[in-house]
Amino acid sequence: MSSLPQNLVSALESQFGRLTHVRPVGGGDTSPAVSAQTERAGRVFVKYSDGAAGETYAAEADGLAALRERVTVAGLETRLLVPEPLAHAQPNLRSPGYLVLPWLEGGAATAADWVSFGESLAAVHAVERFGESRLAAENRNPYGWPRDNFLGPETQVNTPCDNWVDFYRDHRLRAMADRMRERGRWLPKWDRLLDSLSLKLPDYLPMVPQPALLHGDFWSGNAMALEGGRFALIDPAVYRGHREVDLALTELFGGFPKAFYDGYYSGEPQAPDYAERRDLYQLYYLIMHLGISVSYGSRVEAILRRY
(Lines give C-alpha, C1' and ligand atoms only; values in the text may rest on other atoms or scores of the structure.)
Protein backbone atom coordinates (compact mmCIF):
# COMPACT_ATOMS: atom_id res chain seq x y z
CA MET A 1 0.00 0.00 0.00
CA SER A 2 3.11 2.20 -0.13
CA SER A 3 1.96 3.88 -3.35
CA LEU A 4 -0.84 5.68 -1.46
CA PRO A 5 -0.50 8.03 1.52
CA GLN A 6 -1.75 6.26 4.64
CA ASN A 7 -4.26 8.97 5.47
CA LEU A 8 -5.77 8.57 1.99
CA VAL A 9 -5.92 4.79 2.45
CA SER A 10 -7.85 5.33 5.68
CA ALA A 11 -10.29 7.73 3.99
CA LEU A 12 -10.93 5.34 1.12
CA GLU A 13 -11.24 2.23 3.29
CA SER A 14 -13.86 3.97 5.42
CA GLN A 15 -16.02 4.18 2.28
CA PHE A 16 -15.10 1.12 0.23
CA GLY A 17 -13.71 -1.42 2.67
CA ARG A 18 -10.25 -2.94 2.49
CA LEU A 19 -8.01 -1.92 -0.44
CA THR A 20 -5.79 -4.49 -2.13
CA HIS A 21 -3.76 -4.80 -5.34
CA VAL A 22 -2.95 -1.09 -5.44
CA ARG A 23 -0.92 -0.32 -8.56
CA PRO A 24 0.24 3.01 -10.02
CA VAL A 25 -1.32 3.89 -13.39
CA GLY A 26 -1.21 6.85 -15.72
CA GLY A 27 -3.54 9.53 -14.40
CA GLY A 28 -2.75 12.58 -16.48
CA ASP A 29 -0.31 15.43 -16.11
CA THR A 30 -1.39 16.84 -12.75
CA SER A 31 -2.33 13.96 -10.43
CA PRO A 32 -0.80 10.62 -9.46
CA ALA A 33 -3.25 7.76 -9.89
CA VAL A 34 -3.67 4.12 -8.92
CA SER A 35 -5.78 1.12 -9.69
CA ALA A 36 -7.09 -0.58 -6.55
CA GLN A 37 -9.30 -3.52 -5.70
CA THR A 38 -11.87 -2.60 -3.07
CA GLU A 39 -13.96 -4.78 -0.82
CA ARG A 40 -17.30 -3.14 -1.67
CA ALA A 41 -16.90 -1.45 -5.07
CA GLY A 42 -14.66 -3.81 -7.01
CA ARG A 43 -11.77 -2.41 -8.99
CA VAL A 44 -11.54 1.39 -9.02
CA PHE A 45 -9.42 4.18 -10.42
CA VAL A 46 -8.20 6.74 -7.86
CA LYS A 47 -6.41 9.98 -8.59
CA TYR A 48 -5.30 12.21 -5.76
CA SER A 49 -3.32 15.31 -4.85
CA ASP A 50 -2.73 17.50 -1.83
CA GLY A 51 -1.80 20.39 -4.14
CA ALA A 52 -3.74 22.55 -6.59
CA ALA A 53 -4.87 19.53 -8.61
CA GLY A 54 -6.79 18.31 -5.58
CA GLU A 55 -9.04 21.36 -5.87
CA THR A 56 -10.20 20.34 -9.37
CA TYR A 57 -12.04 17.11 -8.60
CA ALA A 58 -15.40 18.61 -7.60
CA ALA A 59 -15.52 20.51 -10.90
CA GLU A 60 -14.58 17.35 -12.79
CA ALA A 61 -17.40 15.45 -11.09
CA ASP A 62 -19.81 18.24 -12.06
CA GLY A 63 -18.66 18.02 -15.68
CA LEU A 64 -19.07 14.26 -15.76
CA ALA A 65 -22.61 14.62 -14.41
CA ALA A 66 -23.47 17.14 -17.13
CA LEU A 67 -22.11 14.94 -19.90
CA ARG A 68 -23.85 11.89 -18.46
CA GLU A 69 -27.16 13.76 -18.48
CA ARG A 70 -26.79 14.61 -22.17
CA VAL A 71 -25.87 11.03 -23.03
CA THR A 72 -29.01 9.83 -21.25
CA VAL A 73 -31.25 12.42 -22.95
CA ALA A 74 -29.82 11.39 -26.33
CA GLY A 75 -30.40 7.68 -25.54
CA LEU A 76 -26.75 6.78 -26.09
CA GLU A 77 -25.97 4.73 -22.98
CA THR A 78 -25.20 1.61 -25.02
CA ARG A 79 -22.71 3.50 -27.23
CA LEU A 80 -21.14 6.12 -24.99
CA LEU A 81 -20.10 5.82 -21.35
CA VAL A 82 -19.47 8.68 -18.94
CA PRO A 83 -18.20 7.30 -15.62
CA GLU A 84 -20.09 8.28 -12.48
CA PRO A 85 -17.72 9.20 -9.64
CA LEU A 86 -17.95 6.89 -6.65
CA ALA A 87 -16.46 9.52 -4.33
CA HIS A 88 -14.55 12.77 -4.41
CA ALA A 89 -13.16 15.13 -1.79
CA GLN A 90 -11.18 18.33 -1.55
CA PRO A 91 -7.74 18.21 0.12
CA ASN A 92 -7.69 18.99 3.82
CA LEU A 93 -5.28 18.78 6.72
CA ARG A 94 -5.96 15.06 7.15
CA SER A 95 -5.98 13.76 3.58
CA PRO A 96 -5.17 14.67 -0.02
CA GLY A 97 -8.05 15.46 -2.34
CA TYR A 98 -9.19 12.49 -4.40
CA LEU A 99 -11.53 11.32 -7.11
CA VAL A 100 -12.66 7.69 -7.31
CA LEU A 101 -14.11 6.31 -10.54
CA PRO A 102 -15.14 2.81 -11.61
CA TRP A 103 -12.31 1.04 -13.38
CA LEU A 104 -12.67 1.14 -17.18
CA GLU A 105 -11.10 -1.60 -19.26
CA GLY A 106 -9.60 -0.29 -22.48
CA GLY A 107 -10.15 -1.97 -25.83
CA ALA A 108 -9.26 -1.65 -29.49
CA ALA A 109 -11.68 0.37 -31.63
CA THR A 110 -12.60 -0.61 -35.17
CA ALA A 111 -13.40 1.89 -37.92
CA ALA A 112 -17.10 1.19 -37.33
CA ASP A 113 -16.64 1.97 -33.63
CA TRP A 114 -15.07 5.33 -34.51
CA VAL A 115 -17.97 6.14 -36.84
CA SER A 116 -20.40 5.34 -34.02
CA PHE A 117 -18.38 7.49 -31.62
CA GLY A 118 -18.50 10.44 -34.01
CA GLU A 119 -22.26 10.06 -34.45
CA SER A 120 -22.68 9.88 -30.68
CA LEU A 121 -20.71 13.04 -29.97
CA ALA A 122 -22.75 14.91 -32.60
CA ALA A 123 -25.91 13.77 -30.82
CA VAL A 124 -24.57 14.94 -27.45
CA HIS A 125 -23.76 18.32 -28.98
CA ALA A 126 -27.29 18.52 -30.36
CA VAL A 127 -29.13 18.00 -27.05
CA GLU A 128 -29.26 21.74 -26.28
CA ARG A 129 -30.81 22.36 -29.69
CA PHE A 130 -33.97 20.63 -28.63
CA GLY A 131 -34.23 22.29 -25.21
CA GLU A 132 -34.29 18.91 -23.47
CA SER A 133 -31.64 19.54 -20.87
CA ARG A 134 -32.56 20.62 -17.37
CA LEU A 135 -29.08 22.04 -16.84
CA ALA A 136 -29.33 24.09 -20.02
CA ALA A 137 -32.72 25.48 -19.01
CA GLU A 138 -31.29 26.70 -15.71
CA ASN A 139 -28.84 29.00 -17.46
CA ARG A 140 -30.44 31.99 -19.19
CA ASN A 141 -27.20 33.10 -20.82
CA PRO A 142 -26.44 30.38 -23.35
CA TYR A 143 -22.62 30.50 -23.38
CA GLY A 144 -20.53 29.50 -20.38
CA TRP A 145 -21.33 27.45 -17.31
CA PRO A 146 -22.69 28.09 -13.79
CA ARG A 147 -19.26 27.47 -12.26
CA ASP A 148 -15.65 27.91 -13.23
CA ASN A 149 -13.68 24.71 -13.72
CA PHE A 150 -10.23 23.65 -14.86
CA LEU A 151 -8.39 23.01 -18.10
CA GLY A 152 -5.52 20.87 -16.97
CA PRO A 153 -4.01 22.79 -14.05
CA GLU A 154 -5.39 26.17 -15.17
CA THR A 155 -8.61 27.77 -13.96
CA GLN A 156 -11.14 28.02 -16.79
CA VAL A 157 -13.40 31.06 -16.49
CA ASN A 158 -17.01 30.22 -17.42
CA THR A 159 -18.91 33.42 -16.57
CA PRO A 160 -22.09 33.12 -18.69
CA CYS A 161 -22.57 35.51 -21.61
CA ASP A 162 -25.43 36.17 -23.99
CA ASN A 163 -23.24 36.03 -27.10
CA TRP A 164 -20.41 33.79 -28.16
CA VAL A 165 -17.98 36.45 -29.41
CA ASP A 166 -17.87 38.23 -26.04
CA PHE A 167 -17.53 34.94 -24.19
CA TYR A 168 -14.71 33.63 -26.35
CA ARG A 169 -12.84 36.95 -26.36
CA ASP A 170 -13.11 37.72 -22.62
CA HIS A 171 -13.33 34.33 -20.90
CA ARG A 172 -11.20 32.25 -23.21
CA LEU A 173 -8.49 34.19 -25.07
CA ARG A 174 -8.04 37.16 -22.73
CA ALA A 175 -8.56 35.25 -19.49
CA MET A 176 -5.97 32.61 -20.39
CA ALA A 177 -3.55 35.22 -21.72
CA ASP A 178 -3.84 37.02 -18.38
CA ARG A 179 -2.96 33.83 -16.52
CA MET A 180 0.10 33.27 -18.70
CA ARG A 181 1.14 36.92 -18.27
CA GLU A 182 1.00 36.49 -14.49
CA ARG A 183 3.29 33.48 -14.82
CA GLY A 184 5.76 35.25 -17.09
CA ARG A 185 4.87 33.08 -20.10
CA TRP A 186 3.17 35.79 -22.21
CA LEU A 187 5.35 38.11 -24.29
CA PRO A 188 4.49 41.83 -24.19
CA LYS A 189 4.66 42.05 -27.99
CA TRP A 190 1.63 39.75 -28.19
CA ASP A 191 -0.61 42.30 -26.45
CA ARG A 192 -0.99 44.42 -29.57
CA LEU A 193 -1.71 41.34 -31.68
CA LEU A 194 -4.34 40.09 -29.24
CA ASP A 195 -5.98 43.53 -29.14
CA SER A 196 -6.17 43.54 -32.93
CA LEU A 197 -7.59 40.03 -33.01
CA SER A 198 -10.19 40.93 -30.39
CA LEU A 199 -11.55 43.66 -32.65
CA LYS A 200 -11.74 41.28 -35.60
CA LEU A 201 -13.40 38.33 -33.83
CA PRO A 202 -16.93 39.28 -35.03
CA ASP A 203 -15.63 38.85 -38.59
CA TYR A 204 -14.69 35.22 -37.94
CA LEU A 205 -16.90 33.84 -35.16
CA PRO A 206 -20.69 33.55 -35.17
CA MET A 207 -22.32 35.87 -32.66
CA VAL A 208 -24.99 33.40 -31.51
CA PRO A 209 -24.21 29.88 -32.75
CA GLN A 210 -26.40 27.02 -31.56
CA PRO A 211 -25.02 26.23 -28.07
CA ALA A 212 -23.69 22.76 -27.36
CA LEU A 213 -22.39 21.24 -24.17
CA LEU A 214 -18.69 20.92 -24.93
CA HIS A 215 -16.41 18.33 -23.40
CA GLY A 216 -13.94 21.20 -23.33
CA ASP A 217 -10.72 19.17 -23.30
CA PHE A 218 -11.49 16.82 -26.16
CA TRP A 219 -8.16 15.39 -27.23
CA SER A 220 -7.47 11.72 -27.89
CA GLY A 221 -6.32 11.01 -24.32
CA ASN A 222 -9.79 11.88 -23.00
CA ALA A 223 -11.70 9.68 -25.46
CA MET A 224 -11.16 6.12 -24.27
CA ALA A 225 -11.99 3.11 -26.42
CA LEU A 226 -13.50 0.32 -24.29
CA GLU A 227 -14.02 -3.38 -24.72
CA GLY A 228 -17.13 -4.10 -26.78
CA GLY A 229 -16.91 -1.09 -29.08
CA ARG A 230 -18.07 1.68 -26.73
CA PHE A 231 -16.14 4.84 -25.94
CA ALA A 232 -15.84 6.65 -22.63
CA LEU A 233 -15.55 10.40 -22.11
CA ILE A 234 -13.22 11.30 -19.25
CA ASP A 235 -11.51 14.40 -17.75
CA PRO A 236 -13.96 17.03 -19.04
CA ALA A 237 -13.74 20.81 -18.76
CA VAL A 238 -17.35 21.44 -19.72
CA TYR A 239 -19.17 24.59 -20.74
CA ARG A 240 -21.74 25.57 -23.33
CA GLY A 241 -20.33 27.00 -26.54
CA HIS A 242 -19.84 26.51 -30.27
CA ARG A 243 -19.54 22.81 -31.09
CA GLU A 244 -16.59 23.46 -33.40
CA VAL A 245 -14.35 24.06 -30.37
CA ASP A 246 -14.36 20.35 -29.52
CA LEU A 247 -13.72 19.47 -33.16
CA ALA A 248 -10.85 21.93 -33.46
CA LEU A 249 -9.08 20.43 -30.46
CA THR A 250 -9.28 16.94 -31.97
CA GLU A 251 -7.10 18.26 -34.79
CA LEU A 252 -4.52 20.04 -32.65
CA PHE A 253 -2.52 17.09 -31.34
CA GLY A 254 -2.59 14.51 -34.11
CA GLY A 255 -6.28 14.24 -34.87
CA PHE A 256 -8.76 11.40 -34.62
CA PRO A 257 -9.22 8.76 -37.36
CA LYS A 258 -11.14 9.82 -40.46
CA ALA A 259 -13.94 7.44 -39.45
CA PHE A 260 -14.69 9.61 -36.41
CA TYR A 261 -15.23 12.69 -38.57
CA ASP A 262 -17.27 10.67 -41.08
CA GLY A 263 -19.58 9.73 -38.24
CA TYR A 264 -19.71 13.18 -36.67
CA TYR A 265 -20.61 14.94 -39.92
CA SER A 266 -22.96 12.27 -41.25
CA GLY A 267 -26.02 14.12 -39.99
CA GLU A 268 -24.90 17.71 -40.44
CA PRO A 269 -21.93 18.40 -42.75
CA GLN A 270 -18.95 20.46 -41.68
CA ALA A 271 -19.49 24.19 -42.23
CA PRO A 272 -17.60 25.34 -45.35
CA ASP A 273 -15.83 28.11 -43.40
CA TYR A 274 -14.86 25.92 -40.43
CA ALA A 275 -11.16 26.06 -41.39
CA GLU A 276 -11.16 29.84 -40.83
CA ARG A 277 -12.23 29.32 -37.22
CA ARG A 278 -10.24 26.20 -36.39
CA ASP A 279 -6.98 28.02 -35.62
CA LEU A 280 -8.83 30.60 -33.50
CA TYR A 281 -10.34 27.82 -31.41
CA GLN A 282 -7.00 26.03 -31.15
CA LEU A 283 -5.36 29.30 -30.01
CA TYR A 284 -6.99 29.07 -26.59
CA TYR A 285 -5.45 25.65 -25.96
CA LEU A 286 -2.06 26.73 -27.26
CA ILE A 287 -2.06 29.72 -24.89
CA MET A 288 -2.86 27.36 -22.00
CA HIS A 289 0.04 25.13 -23.06
CA LEU A 290 2.46 28.03 -22.59
CA GLY A 291 2.16 27.12 -18.93
CA ILE A 292 3.61 23.71 -19.79
CA SER A 293 6.30 24.85 -22.23
CA VAL A 294 7.30 28.18 -23.76
CA SER A 295 7.97 26.23 -26.97
CA TYR A 296 4.29 26.71 -27.84
CA GLY A 297 4.95 30.44 -28.17
CA SER A 298 5.84 30.24 -31.86
CA ARG A 299 2.46 28.68 -32.65
CA VAL A 300 0.64 31.23 -30.52
CA GLU A 301 2.38 34.09 -32.29
CA ALA A 302 1.81 32.61 -35.75
CA ILE A 303 -1.96 32.44 -35.19
CA LEU A 304 -2.10 35.93 -33.68
CA ARG A 305 -0.23 37.34 -36.67
CA ARG A 306 -2.35 35.43 -39.18
CA TYR A 307 -5.53 37.18 -38.02
Side-chain angles (χ1 to χ4, degrees), residues 28 41 44-45 47 56-90 98-104 113 116-151 156-162 164 167 171-172 208-219 221-226 228-247 249-250 260 263-264 267-268:
V44 299
F45 171 87
K47 62 181 179 179
T56 70
Y57 302 143
E60 182 175 342
D62 171 72
L64 290 169
L67 284 171
R68 198 163 50 252
E69 184 204 40
R70 272 64 170 186
V71 168
T72 300
V73 168
L76 295 169
E77 297 96 325
T78 62
R79 299 166 63 182
L80 197 57
L81 185 148
V82 181
E84 183 171 4
L86 301 174
H88 63 86
Q90 300 287 88
Y98 57 86
L99 177 68
V100 184
L101 299 171
W103 180 259
L104 302 178
D113 296 334
S116 176
F117 182 38
E119 293 171 343
S120 298
L121 183 68
V124 169
H125 281 168
V127 166
E128 260 69 4
R129 177 176 306 175
F130 305 110
E132 294 172 326
S133 167
R134 174 186 56 79
L135 290 177
E138 290 175 354
N139 187 4
R140 294 182 179 180
N141 292 315
Y143 308 105
W145 196 242
R147 64 179 295 165
D148 291 347
N149 49 29
F150 298 87
L151 182 64
Q156 180 167 261
V157 178
N158 290 325
T159 306
C161 287
D162 63 3
W164 174 241
F167 179 84
H171 304 315
R172 287 296 171 264
V208 285
Q210 173 59 49
L213 181 78
L214 304 179
H215 178 285
D217 194 8
F218 194 58
W219 68 289
N222 290 339
M224 182 179 180
L226 305 176
R230 281 203 298 176
F231 274 80
L233 297 177
I234 58 175
D235 290 343
V238 303
Y239 63 100
R240 297 176 73 228
H242 192 192
R243 68 173 188 152
E244 290 179 352
V245 175
D246 272 352
L247 277 298
L249 182 53
T250 69
F260 167 81
Y264 187 90
E268 183 176 345

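The structure displayed is predicted, hence computed values, not measured ones. We count residues from 1, following the sequence as given.
- Between Phe167 and His171, the two ring planes are perpendicular [angle over 60°; tilted spans 30° to 60°].
- Residues Leu86 and Ala41 share a closest heavy-atom pair of CD1-CB, 4.2 Å.
- Inter-residue side-chain proximity for Cys161 and Asn141 is flagged as unmet; no heavy-atom pair is nearer than 4.5 Å.
- Here the CZ-CG distance, from Arg70 to Leu121, works out to 13.0 Å after rounding to the nearest 0.5 Å.
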Would you please test Asn149 and Asn158 for side-chain hydrogen bond (donor to acceptor under 3.5 Å, both in side chains) and show each step? CA-CA 7 Å; Asn149 49 29; Asn158 290 325; 3.0 Å; yes
Checking Leu226 against Met224 for the side chain to side chain contact (heavy atoms under 4.5 Å, CB included) test, could you report, in this order, the C-alpha distance in whole Å, the side-chain angles of both residues, the deciding distance, and whether it holds? CA-CA 6 Å; Leu226 305 176; Met224 182 179 180; 4.0 Å; yes
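- Residues satisfying the ring pair (Phe, Tyr, Trp, His ring centres under 6.0 Å) test with Tyr264, not counting sequence neighbours, are His125.
- Taking the side-chain hydrogen bond (donor to acceptor under 3.5 Å, both in side chains) definition, one finds that Ser116 meets it with Arg79, sequence neighbours left out.
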Using the rule given for salt bridge (charged side-chain N to carboxylate O under 4.0 Å, His left out), can you reason through Arg68 versus Glu77, listing the C-alpha separation, both sets of side-chain angles and the distance that settles it, and then say yes or no? CA-CA 9 Å; Arg68 198 163 50 252; Glu77 297 96 325; over 6 Å; no
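- Annotation: salt bridge (Lys or Arg N to Asp or Glu O under 4.0 Å) contacts of Glu268 (sequence neighbours excluded): Arg129, Arg243.
- With hydrogens and angles disregarded, a donor-acceptor distance shorter than 3.5 Å links the side chain of Gln156 to the backbone of Ala237.
- Scanning all heavy atoms of the two residues, the minimum distance from Ile234 to His215 falls at O-NE2, 2.7 Å.
- In this structure, Leu104 and Ala232 approach most closely via the heavy-atom pair CD1-CB, 3.8 Å.
- In this structure, Pro236 and Leu64 have side chains that are in contact, with non-hydrogen atoms separated by less than 4.5 Å.
- Judged by distance alone, with hydrogens and angles left aside, the side-chain atoms of Asp246 form no donor-acceptor pair with the main-chain N or O of Phe218 at under 3.5 Å.
- Between Leu213 and Val238 the shortest side-chain heavy-atom distance falls below 4.5 Å.
- Taken to the nearest 0.5 Å, the CG atom of Asp217 stands 5.0 Å off from the CG atom of Leu151.
- In this structure the side chain of Val100 never reaches within 4.5 angstrom of the side chain of His88, judged on heavy atoms.
- Looking at residues two or more places apart in sequence or on another chain, you find a side-chain hydrogen bond (donor to acceptor under 3.5 Å, both in side chains) between Gln90 and Glu55.
- The heavy-atom pair separating Ala123 from Leu76 by the smallest distance is CB-CD1, 3.8 Å.
- Using the six-membered ring where Trp is involved, His242 and Trp164 have ring planes that are perpendicular, over 60° apart on the 30 and 60° scheme.
- Cation-pi geometry between Arg147 and Tyr239 is not satisfied (NZ or CZ under 6.0 Å from the ring centre, within 45° of the ring normal).
- A side chain to side chain contact (heavy atoms under 4.5 Å, CB included) with Val71 holds for exactly one of Leu81, Val127, Val124; it is Val124.
- With contacts defined as side-chain heavy-atom distances shorter than 4.5 Å, the pair Leu80/Leu233 qualifies.
- The salt bridge (Lys or Arg N to Asp or Glu O under 4.0 Å) test applied to Arg230 returns no partner, not counting sequence neighbours.
- The shortest distance between side-chain heavy atoms of Tyr143 and Arg240 does not fall below 4.5 Å.
- The shortest distance between side-chain heavy atoms of Glu84 and Val82 does not fall below 4.5 Å.
- Side-chain contact between Trp145 and Asp62: present, with at least one pair of heavy atoms (C-beta onward) separated by less than 4.5 Å.
- Across all non-hydrogen atoms, the minimal contact from Phe260 to Leu247 is CE2-CD1, 4.1 Å.
- When the ring pair (Phe, Tyr, Trp, His ring centres under 6.0 Å) test is applied to Tyr98, no partner is found at least two apart in sequence or on another chain.
- Here CH2 of Trp219 is found 9.5 Å from CG of Leu249. Values are rounded to the nearest 0.5 Å.
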